[in-house]
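Each remark here refers to the structure printed beneath this line.
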Amino acid sequence: MAEIQHILIVGGGSAGWLTAGVLAAEHRSRSGPTLRITLLESPNIGPIGVGEGTWPTMRDTLRSIGVTETDFIRECDASFKQGSKFQQWVSNRQDDRYFHPFVLPHGYSETNLVAGWLERHADVPFADLVSFQPHLCARDKAPKQVATPEYAAVVNYAYHLDAGKFGLFLRKHCVEQLGVHHVLDHVIGIDTHDNGDIASLQTKENGAIAADLFVDCSGMQSLLLGQHYGVPFKSQKHVLFNDSALAIQVPYQNDDSPIGSQTVSTAQSNGWIWDIGLPTRRGIGHVYSSAHTSDEAAERELRTYIERTGGQQGMPSPRKLTFNPGYREKFWHRNCVAIGLSAGFIEPLEASALALVELSAAMLRDQMPATRAAMDIVARRFNDAFSYRWERVIDFLKLHYVLTQRIDSDFWRDNCRPASIPERLQEQLTLWRHQPPSRYDFHRIEEVFPSASYQYVLYGMGFRPDRAGASRRTDDADRADGYFREAAALTSKMLAALPTNRALIDHIRRTGLSKI
Ligand SMILES: Cc1cc2nc3c(=O)[nH]c(=O)nc-3n(C[C@H](O)[C@H](O)[C@H](O)COP(=O)(O)OP(=O)(O)OC[C@H]3O[C@@H](n4cnc5c(N)ncnc54)[C@H](O)[C@@H]3O)c2cc1C
């Protein structure tokens with residue numbers, strides 16, 4: 001029976017190196033690696049170089065591959081992220097905003113907080129009432145204290161990072177610490193076995209490189225899964241229209257300018273702008289629909305935003321990126337599995353792409369087939385798990401658009417047309433008229449977005465359930481009030497105890513964090 005002994009990963013972007021790290025860290029024994037891992041990347045095609053917002057899962061991923069948080073923060077120009085703030089998504093008024101924090105609503109699984117909110121506090125934004133995290137973000141607070149050990153949290157957090165530096169950091173760690181074999185060469189051909197499996201990749205300088213399992217991390221071109229195997233691409237442009245982005249790096253006004261604790265996402269007339277604060281600069285980008293606006297108009301809106309938020313006038317031209325929102329019909333075919341942009345990409349909203357990479361790499365690690373005979377069974381399960389996850393990502397992203405009251409452009413009007421709303425999301429919206437999103441709506445293990453995230457976005461976007469259906473219990477409002485009071489007390493306590501993001505990052509750069 002053919003054993004799986006050598007894995008060849010094609011692509012040295014964040015997907016390739018994260019996958020290499022996750023696999024190599026697992027498949028090592030005291031006497032050396034139990035699985036050979038080679039990463040092949042082209043010297044002619046660089047990684048995409050964007051993707052600077054992560055999820056809290058990144059903490060576990062980095063810890064599992066053995067990097068220290070101090071090194072990561074220092075070398076990747078990383079800072080702490082506690083969620084996303086959405087501005088002008090409901091209406092285009094300047095004061096329109098809501099928050100999607102990482103922490104679950106306080107008392108979430110104990111009672112119906114939504115009923116309590118609607119009955120007694122409907123004038124307060126939902127997230128501000130049920131969570132202390134929006135208040136921490138409003139003051140640029142860090143999610144932990146200087147004495148909190150590496151990767152541990154006082155409040156749940158993820159990172160903002162420099163994508164270019166992240167790739168180089170992972171590469172160094174994977175090659176020097178985890179024994180990943182790195183080949184800098186361009187793939188020019190693919191050899192197959194009689195049964196259709198990939199036998200080897202032909203490279204320009206190193207000839208044929210054979211392996212048992214091939215991981216396609218070749219970016220949007222999807223060299224192996226898409227181009228070689230022709231696995232169909234399921235475009236989602238009819239649901240989520242954005243297909244272009246203009247990205248730019250913006251210096252701070254001063255070295256000690258505050259570092260934002262959340263990704264700020266500000267809706268524009270035909271898309272939205274992300275604003276990510278790193279220790280040394282902001283990363284800003286305008287994502288938009290080319291069917292609804294021109295590059296020139298999108299750039300004008302981007303420049304207006306930058307000037308309005310403290311950036312300089314006359315910044316250099318932004319970098320243009322284009323993408324086709326969608327994903328592959330399947331992700332694992334024969335002895336080839338696609339991870340990262342080669343599997344799909346929808347748009348940067350809610351930063352789910354790297355999280356899907358982490359989930360894919362983790363499933364590959366945990367379910368690594370021992371033999372070729374076991375591979376098709378694992379592949380079927382992998383395809384089922386990730387088809388479901390991509391569908392949920394699409395539902396959740398679309399939820400941000402369908403409840404808008406903006407009618408200032410065709411982009412927003414088209415987004416609300418029922419024909420553009422996936423059936424399952426329509427169904428959920430009908431149910432949520434009478435009951436809040438709950439675990440009954442999302443019952444798989446490792447759902448990409450928990451029901452609490454749906455609550456934050458749904459109520460942040462101004463959705464109000466029918467009062468009669470909000471709760472069946474008469475004591476919910478009293479119980480909820482208790483949790484709201486506790487959340488307020490926690491807010492005061494944490495505001496007093498936590499340093500700012502800038503202060504904690506400066507401390508880490510000077511002194512480092514203590515080990516767990
Ligand atoms: C505008 C935008 C914003 C984004 N923002 C976020 C975000 O905030 N958060 C998030 O999680 N994600 C985000 N993403 C997605 C994120 O950038 C990607 O998921 C991530 O960078 C992984 O990319 P990758 O490694 O799959 O591909 P790439 O970085 O494109 O790497 C492809 C690799 O394949 C190699 N390659 C290609 N062809 C060959 C060949 N013939 N031979 C050898 N090697 C080859 C290249 O050399 C390269 O190393 C964003 C994406 C876009 C477009």
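Numbering of residues begins at 1 and proceeds along the displayed sequence. We count ligands from 1, going down the list as the structure has it; atoms in each ligand are counted the same way.
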Taking 4.0 angstrom as the limit and counting only heavy atoms of I48, give me the atoms of ligand 1 inside it, by number and element. 17 (O), 21 (O), 28 (P), 29 (O), 30 (O), 53 (C)

May I ask you to list the atoms of ligand 1 that are less than 4.0 angstrom from any heavy atom of A245? 1 (C)

Tell me the nearest of S222, G16, A15 to atom 22 (C) of ligand 1, using heavy-atom distances. A15

Only heavy atoms of D185, strictly under 4.0 Å: list the atoms of ligand 1 that pass. 43 (C)

Looking only at distances, please establish whether an N/O atom of ligand 1 is found under 3.5 Å from an N/O atom of V357. no

With a 4.0 Å cut-off, would you call D275 and K85 a salt bridge? no

Please check if any side-chain donor atom of R334 sits under 3.5 Å from a side-chain acceptor atom of T192, or the reverse. no

Indicate whether any N or O donor in one side chain lies under 3.5 Å from an N or O acceptor in the other, for S42 and K204. no

Looking only at protein heavy atoms, what sits closest to atom 5 (N) of ligand 1 is G51 CA, 3.5 Å

Is NZ or CZ of R59 both nearer than 6.0 Å to the six-membered ring centre of F102 and within 45° of the ring axis? no

Using a 4.0 Å cutoff against the non-hydrogen atoms of Q221, which atoms of ligand 1 qualify? 37 (C), 38 (N)

Are any side-chain N or O atoms of R406 and backbone N or O atoms of W412, one a donor and one an acceptor, separated by less than 3.5 Å? no

Are any of the N/O atoms on G49, whether in the backbone or the side chain, positioned under 3.5 angstrom from an N/O atom of ligand 1? no

Which residue and atom name correspond to the protein heavy atom nearest atom 46 (C) of ligand 1, and how close is it? I45 O, 3.2 Å

Determine whether the aromatic ring centres of residues F72 and Y159 are separated by less than 6.0 angstrom. yes

Between A343, G53, S42, G46, flag the one that comes closest to atom 44 (N) of ligand 1 by a heavy atom. S42

Run E299 and Y288 through side-chain hydrogen bond (donor to acceptor under 3.5 Å, both in side chains) and show every step you take. CA-CA 10 Å; E299 187 171 335; Y288 55 96; over 6 Å; no

Show me which atoms of ligand 1 lie under 4.0 Å from any heavy atom of S218. 32 (C), 34 (O), 37 (C)

At under 4.0 Å between heavy atoms, what of E52 touches ligand 1? The answer is backbone

Side chain or backbone, does F345 bring an N or O within less than 3.5 Å of an N or O on ligand 1? no

Under 6.0 Å between the ring centres of Y454 and F396? yes

Ligand 1 contact on A247 by region, counting heavy-atom pairs under 4.0 Å: neither

Considering only heavy atoms, does L223 approach ligand 1 within less than 4.0 Å through its side chain, its backbone, both, or neither? side chain

Do you see a donor-acceptor pair shorter than 3.5 Å between the side chains of W89 and S265? yes

Note: ligand 1 atoms sitting under 4.0 Å from heavy atoms of G219 are 27 (O), 30 (O), 32 (C)

With a 4.0 Å cut-off, would you call D60 and R63 a salt bridge? yes

Test: D506 and R509 ion pair at under 4.0 Å: no

Is the closest heavy atom of I188 to ligand 1 under 4.0 Å? no

Heteroatom proximity flag, G12 to ligand 1, N/O under 3.5 Å: yes

Could you list the atoms of ligand 1 found under 4.0 angstrom from a heavy atom of C217? 32 (C), 33 (C), 34 (O)

Got a donor-acceptor contact below 3.5 angstrom from the K144 side chain to the A152 backbone? yes

Please confirm whether R392 makes a cation-pi placement over F442, using NZ or CZ under 6.0 Å from the six-membered ring centre and within 45° of the ring normal. no

When distances are taken from atom 16 (C) of ligand 1, the protein heavy atom at minimum range is V50 O, 3.9 Å

N/O separation below 3.5 Å, I339 to ligand 1: no

Below 4.0 angstrom from a heavy atom of W274, which ligand 1 atoms are there? Numbered from 1 as shown, please. 1 (C)

